[in-house]
Asks: 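Okay, handing you the structure first.
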Amino acid sequence: MSQVYDRVALIGLGLIASSMFWAIKRAGLAGEVTGYARSEATRDTARRIGLCDRVCDTVQEAVEGADLVVLCVPVGAMGTVAQEIAPVLKPGATVTDVGSVKRHVIEAVSPHIPEGVHFIPAHPLAGTEHSGPESGFAELFDNRWSLLVPVEGSDLDAIARLRALWEGMGANVDEMDADHHDLVLAVTSHAPHLIAYTMVGVADDLRRVTDSEVIKYSAAGFRDFTRIAASDPTMWRDVFLTNKDATLEILGRFTEELFALQRAIRTGDGEHLFDYFTRTRAIRRGIINAGQDTDAPDFGRGKANP
């Protein structure tokens, strides 16, 4: 793959930024990758493991001269970071992000983007329950989807260039409207995470089942809940606060479905339960057939850093 950008700046050095760096280097997509994290400890870790060609001590130093700036911070912090970097953004540069909420990010970041700088929100649909600079690996985006969410008037060449970067990192790329994106993600990610957090919280509160029993006798379903519930608390707090309407809409529908299943169990309606489980089982098979998961356990979770 040929080089797409001369210089890429990664702001925030967690799982996604770290994986982007390794994937960019694997394919030779950028001449130089700079990085910045607000925490000195994170910057020290990044330097120790060779994450980024140059780790900077200020966000302004990291983005100065960059052709692409990627905001990899929690969605609640993106507006503040955009304001900080605005004065030093290179004319003609592109600013993008990796947040899992798009409408809020657009409203928070757009006012700070200078004339002549392109803003193209994005969201890679990839991740693990791990966080931090040491959690990244180059294969994270392979055959996963990355959604581009261009704002009104987005430059077509800048969009094509960003698409080429994500494709070069191994991702499948599609474009989506911001509001539709937030609804889709409320279904596929946000509400499921909240349900997982809730189920693990129920187990913690149910004192008739001891902690040791929960750990020792965990079945696969509960183990998956605990894996999801181990995700970064700051990121998920911001997601729910910034995608409130779509998440509440899906949770309302979930509650209706749950009440219907409660009724079927209470009344012994086995036919309803069997039909419901048959229909939902087909969705799982569709995900596997689409190459977005596998029957193998712990898929994608055991990879080490390069």
Asks: Could you check whether Lys244 pairs with Glu249 (Lys NZ or Arg NE/NH1/NH2 to Asp/Glu carboxylate O, under 4.0 Å)?
Replies: no
Asks: One pair to check against side-chain contact (heavy atoms from CB on, under 4.5 Å): Val151 and Ile120. What are the steps and the verdict?
Replies: CA-CA 7 Å; Val151 298; Ile120 306 170; over 6 Å; no
Asks: Is there a path of hydrophobic side-chain contacts, each under 4.5 Å between heavy atoms of I, L, V, M, F, W or Y residues, that connects Ile49 with Phe137?
Replies: yes
Asks: Under 4.0 Å between a Lys/Arg side-chain N and an Asp/Glu carboxylate O for Asp142 and Arg26?
Replies: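 Salt bridge flag = yes for Arg26 with Asp142.
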Asks: Could you go step by step and tell me if Val109 and Asp97 meet the side-chain contact (heavy atoms from CB on, under 4.5 Å) rule?
Replies: CA-CA 10 Å; Val109 172; Asp97 77 295; over 6 Å; no
Asks: Please give me the minimum heavy-atom distance between Leu51 and Pro133, naming the atom from each residue.
Replies: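 Smallest heavy-atom distance, with atoms named: CD2-CB, 3.7 Å.
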Asks: Spell out, yes or no, whether Ile113 and Ile85 are grouped together once hydrophobic residues are joined by side-chain heavy atoms under 4.5 Å, including indirect joins.
Replies: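 Yes, Ile113 and Ile85 fall within the same hydrophobic cluster.
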Asks: Is Ile16 linked to Leu125 within one hydrophobic cluster, defined over Ile, Leu, Val, Met, Phe, Trp and Tyr using a side-chain heavy-atom separation of less than 4.5 Å?
Replies: no
Asks: List for me each residue that meets side-chain contact (heavy atoms from CB on, under 4.5 Å) alongside Glu40, sequence neighbours excluded, and say none if there are none.
Replies: Arg43, Asp44
Asks: Quick test of your reading: applying salt bridge (charged side-chain N to carboxylate O under 4.0 Å, His left out), list the pairs with at least one residue in residues 179-188, sequence neighbours left out, ordered by first then second residue.
Replies: Arg103-Asp179
Asks: Output yes when Asp275 and Arg281 qualify as a salt bridge under the 4.0 Å nitrogen-oxygen rule, no when they do not.
Replies: no
Asks: Name the atoms and distances for all side-chain donor-acceptor pairs under 3.5 Å in residues 257-264, with sequence neighbours left out.
Replies:
| residue | atom | partner | partner atom | Å |
| --- | --- | --- | --- | --- |
| Glu257 | OE1 | Tyr276 | OH | 2.7 |
| Glu257 | OE2 | Arg253 | NE | 3.4 |

Asks: Looking only at non-hydrogen atoms, find the nearest pair between Gly127 and Leu15 and report the distance.
Replies: CA-CD2, 3.8 Å
Asks: Going by salt bridge (charged side-chain N to carboxylate O under 4.0 Å, His left out), name the residues that satisfy it together with Lys25, two or more places apart in sequence or in a different chain.
Replies: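 Only Asp53 meet the salt bridge (charged side-chain N to carboxylate O under 4.0 Å, His left out) criterion with Lys25.
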Asks: Which heavy atom of Asp177 sits nearest to which heavy atom of Val149, and what is that distance?
Replies: C-CG1, 4.0 Å
Asks: Contact between Leu148 and Arg163 at the side-chain level, heavy atoms closer than 4.5 Å - yes or no?
Replies: yes
Asks: What is the distance from atom CG of Leu183 to atom CD1 of Ile250, rounded to the nearest 0.5 Å?
Replies: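 Leu183 atom CG to Ile250 atom CD1 measures 5.0 Å (nearest 0.5 Å).
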Asks: Any chance you could lay out the salt bridge (Lys or Arg N to Asp or Glu O under 4.0 Å) test for Glu139 and Arg144, step after step, and finish with the verdict?
Replies: CA-CA 10 Å; Glu139 300 83 5; Arg144 294 291 176 258; over 6 Å; no
Asks: Quick one: which residue pairs count as a salt bridge (charged side-chain N to carboxylate O under 4.0 Å, His left out) with a foot in residues 104-119, not counting sequence neighbours?
Replies: none
Asks: Please list, chain by chain and in numerical order, all residues satisfying side-chain contact (heavy atoms from CB on, under 4.5 Å) with Asp157, sequence neighbours excluded.
Replies: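 Residues passing side-chain contact (heavy atoms from CB on, under 4.5 Å) with Asp157: Asp155.
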Asks: Starting from Ile265, can I reach Phe274 by hopping between I/L/V/M/F/W/Y residues whose side chains sit under 4.5 Å apart?
Replies: no
Asks: Side-chain donor-acceptor contacts of residues 60-80 below 3.5 Å, not counting sequence neighbours, with atom names and distances?
Replies:
| residue | atom | partner | partner atom | Å |
| --- | --- | --- | --- | --- |
| Gln60 | NE2 | Glu84 | O | 3.3 |
| Asp67 | OD1 | Lys90 | NZ | 2.7 |
| Asp67 | OD2 | Asp6 | N | 3.3 |
| Asp67 | OD2 | Arg7 | N | 3.0 |

Asks: Could you state the interatomic distance from CG (Asn243) to OG (Ser189), rounded to the nearest 0.5 Å?
Replies: 9.5 Å
Asks: Looking at every heavy atom in both Val239 and Ser100, which two are closest together, and how far apart are they?
Replies: CG2-OG, 3.2 Å
Asks: Working to the nearest 0.5 angstrom, can you tell me the gap between Ile11 CD1 and Cys56 SG?
Replies: 8.0 Å
Asks: Please test Leu10 against Cys52 for side-chain contact (heavy atoms from CB on, under 4.5 Å), starting from the C-alpha separation and ending with a verdict.
Replies: CA-CA 8 Å; Leu10 302 174; Cys52 296; 4.3 Å; yes
Asks: Quick one: side-chain contact (heavy atoms from CB on, under 4.5 Å) partners of Pro114, sequence neighbours excluded?
Replies: Ala86, Leu89, Val117
Asks: Can you tell me if Ser135 uses its side chain to pair, donor with acceptor, with the backbone of Gly132 under 3.5 Å?
Replies: yes
Asks: Where do Ala171 and Ser146 come nearest, in terms of heavy atoms and distance?
Replies: CB-CB, 4.1 Å
Asks: What residue pairs, at least two apart or across chains, pass ring pair (Phe, Tyr, Trp, His ring centres under 6.0 Å) with a residue in residues 138-176?
Replies: Phe141-Trp166
Asks: Could you tell me if the side chain of Leu29 sits less than 4.5 Å from the side chain of Tyr5, heavy atoms only?
Replies: no
Asks: Counting only N and O atoms by type, is there a donor-acceptor contact under 3.5 Å from the side chain of Arg161 to the main-chain atoms of Val4?
Replies: yes
Asks: Taking only residues at least two apart or on different chains, which pairs with a member in residues 229-239 satisfy salt bridge (charged side-chain N to carboxylate O under 4.0 Å, His left out)?
Replies: none
Asks: Run the numbers on Phe119 and Val105 for side-chain contact (heavy atoms from CB on, under 4.5 Å), then give the verdict.
Replies: CA-CA 11 Å; Phe119 176 44; Val105 168; 4.2 Å; yes
Asks: Return the CG to NZ distance between Leu185 and Lys102, rounded to the nearest 0.5 Å.
Replies: 8.5 Å
Asks: How long is the span from the CG atom in Leu251 to the CD1 atom in Ile195, to the nearest 0.5 Å?
Replies: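 Between Leu251 CG and Ile195 CD1, I get 6.0 Å after rounding to 0.5 Å.
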Asks: So which heavy atom on Ala158 is nearest to which on Thr94, and how close?
Replies: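 That would be CB-OG1, 3.8 Å.
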Asks: Tell me which pairs pass ring pair (Phe, Tyr, Trp, His ring centres under 6.0 Å) where either residue lies in residues 227-248, with sequence neighbours left out.
Replies: His190-Trp236, His193-Trp236, Trp236-Phe240
Asks: If you count the non-hydrogen atoms of other residues, nucleotides and ligands that lie under 6.0 Å from CZ in Arg47, is the total more than 12?
Replies: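 Enclosed: over 12 neighbouring heavy atoms sit under 6.0 Å from CZ of Arg47.
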Asks: Rounded at 0.5 Å granularity, tell me how far CG in Asn172 sits from CG in Leu147.
Replies: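 Between atom CG of Asn172 and atom CG of Leu147 there are 10.5 Å.
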Asks: Applying side-chain contact (heavy atoms from CB on, under 4.5 Å), name anything that partners Val184, two or more places apart in sequence or on another chain.
Replies: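 By the side-chain contact (heavy atoms from CB on, under 4.5 Å) rule, Val184 matches Met176, His180, Thr188.
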